[in-house]
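Remarks on the structure that follows.
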There are 2 protein chains.
Amino acid sequence: MPKQTFFNLPEEKRQTIMRAAMEEFASAGYDLSSIQKIIKASDIPRGSFYQYFENKADLFGEVMVEITRRKMVYIRPVIDRDAEYGLFELMKELVKAGVEFGMCDPIAFQVAKGLSSSKTLDMVAFLNEYKKEIYQRNHITEESIYLAAIQNSLGRGEIDSRFSVETILAYTGKIMESMGELYWHHLAEYHDVHAGDHILDDMIHILRYGLSSNNLPGKEAGNHD
Amino acid sequence: MPKQTFFNLPEEKRQTIMRAAMEEFASAGYDLSSIQKIIKASDIPRGSFYQYFENKADLFGEVMVEITRRKMVYIRPVIDRDAEYGLFELMKELVKAGVEFGMCDPIAFQVAKGLSSSKTLDMVAFLNEYKKEIYQRNHITEESIYLAAIQNSLGRGEIDSRFSVETILAYTGKIMESMGELYWHHLAEYHDVHAGDHILDDMIHILRYGLSSNNLPGKEAGNHD
DNA sequence: TTGTCATATGACAGTAGTGTCATATGCAAA
DNA sequence: TTTGCATATGACACTACTGTCATATGACAA
């Protein structure tokens, strides 16, 4: 956590520092970023930096808190309606929300994206600690987002009962990642906002039919409501 | 490419340097690794290092060549039989081969794993160049590995014709990655060589039925050979 | 023996960064 | 006006690194 001094700063100065920090983290990644660059870009003296922050990790933590705050603007509405969604719709909406975030706030998005790189021990430890805190602060857990939807879909018979909740939970995150990356890759390649839509549709299609293999029309009679 | 001097070195000395380099890259990752550490660990004077290599990237390139050589020992037999496999068997076998490699040669594996992190521009550029070269050297391309199997499976009607080869190709890599990571994660967690097997089975199951949705018994008659 | 060439060596200059500290500033209270 | 406190400042000492270069070594060829 930054020191109180930082929070006492006038809004504008705080913003300047945060912006400079985000740009540095976005372009260089955590490992290669330097405090030196950040203080030059935000034009604060070296001594002041240490008046505000313990060190680079401390600043980075605050940046991540800000980024999460921003991302939540896009994600929150989807999560709040998770009971209404089946798993597949939920996943689709979450990926879409993520992409929306990435397009509206590319610098913040870039920093978050860089996180999945950088597998230093320090960084892994930080991420674990950070995730716990973030989810707590937002009154959710990574699991809780999907849990309701999975049980929902299982209950409705959309998902074959051969799969355990645990198993599905394990895939969900990884597949979300893949979908996001593919979508993003398509976007970058074709410069078309909806270029990646069919990716989502196809992946969700595969998932839906793959997970429901038992319940397809014809395999079991009278299962279509 | 390292300088000729390096290749003129006695086998043993070359090995020592490569081992030290791999260990450094494995533990620190490319960005945070240092030449200094490597020359201390392999006990060669600083000047000699630059007699052998242009710089860190040069050494890293050679390390990657070595790692690929080692990994190929596990992958090659599978690739050579790709015409026999359907896409799903091929993927399964490739993931298994990858895991086998990771268990037999953890340091090399760790370096390769770290690669998918480190998204510096330099690193991305290097990877593209490197991949091209490696695949050339081994007379394959990333696509060619899966292409035959995909066409195979499409031809046999195992995959719904609604999906283009292009689309399937795009997923394949990402899904392979996810499977590998999940398998590996399970292995680490349960210390059981076959703990991840059901992950593979489940994911392949989902993929198989998801991709073949049109062709399931009952949807179209007389399609089972 | 002497010359030549490849290679070995480590001191060195230079760069980029970190965290600290003595001192300065400015405001508000006594 | 004086004192005290929070904050500001940048010089400084330190560390970790990189790439180069003048010089040393050793083997082989003339």
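Order of the sequence lines sets the chain letters (A, B, ...), proteins ahead of strands, with each chain counted from 1.
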Can you tell me which residue pairs pass the salt bridge (Lys or Arg N to Asp or Glu O under 4.0 Å) test with a partner in residues 40-59 of chain A, sequence neighbours excluded? none

Without placing hydrogens or testing angles, list every side-chain donor-acceptor pair under 3.5 Å for residues 69-86 of chain B, not counting sequence neighbours.
{"from": "B/Arg69", "atom 1": "NE", "to": "B/Glu66", "atom 2": "OE1", "distance (Å)": "3.2"}
{"from": "B/Arg69", "atom 1": "NH2", "to": "B/Glu66", "atom 2": "OE1", "distance (Å)": "3.0"}
{"from": "B/Arg70", "atom 1": "NE", "to": "B/Glu66", "atom 2": "OE2", "distance (Å)": "2.9"}
{"from": "B/Arg70", "atom 1": "NH1", "to": "B/Asp105", "atom 2": "OD1", "distance (Å)": "3.2"}
{"from": "B/Arg70", "atom 1": "NH1", "to": "B/Asp105", "atom 2": "OD2", "distance (Å)": "2.8"}
{"from": "B/Arg76", "atom 1": "NE", "to": "B/Asp80", "atom 2": "OD1", "distance (Å)": "3.4"}
{"from": "B/Arg76", "atom 1": "NH1", "to": "B/Asn138", "atom 2": "O", "distance (Å)": "3.3"}
{"from": "B/Arg81", "atom 1": "NH1", "to": "B/Tyr85", "atom 2": "OH", "distance (Å)": "3.0"}

Would you mind building the protein contact string for nucleotides 6-22 of chain C? One character per nucleotide, 5' to 3', B for base within reach (heavy atoms under 4.0 Å), S for sugar-phosphate only, - for untouched. -SBBBB----SBBBB--

Given B/Glu181, B/His191, B/His198, the one that forms side-chain contact (heavy atoms from CB on, under 4.5 Å) with B/His186: B/His198

Rounded to whole Å, CZ of A/Phe7 lies from C1' of D/dT7 at a distance of 16 Å

Any chance you could measure B/Met203, atom CE, to A/Lys174, atom NZ, to the nearest 0.5 Å? 9.5 Å

Bend across the helix from C/dT1-D/dA30 to C/dA30-D/dT1, to 10°, with axes taken over 5 pairs at each end? 30°

To the nearest 0.5 Å, atom NZ of A/Lys92 lies from atom CG of A/Leu94 at 13.0 Å

Calculate the interatomic distance between A/Arg14 atom CZ and D/dT7 atom C1'; express it in whole Å. 16 Å

Look up atom OG in A/Ser48 and atom CD1 in A/Ile17, then write down how far apart they are to the nearest 0.5 Å. 8.0 Å

Counterpart residues, ring pair (Phe, Tyr, Trp, His ring centres under 6.0 Å), relative to B/Phe6 (two or more places apart): B/Phe53

Residues two or more places apart in sequence or in another chain: which of them pass side chain to side chain contact (heavy atoms under 4.5 Å, CB included) with B/Leu169? B/Glu143, B/Tyr146, B/Leu147, B/Ile150

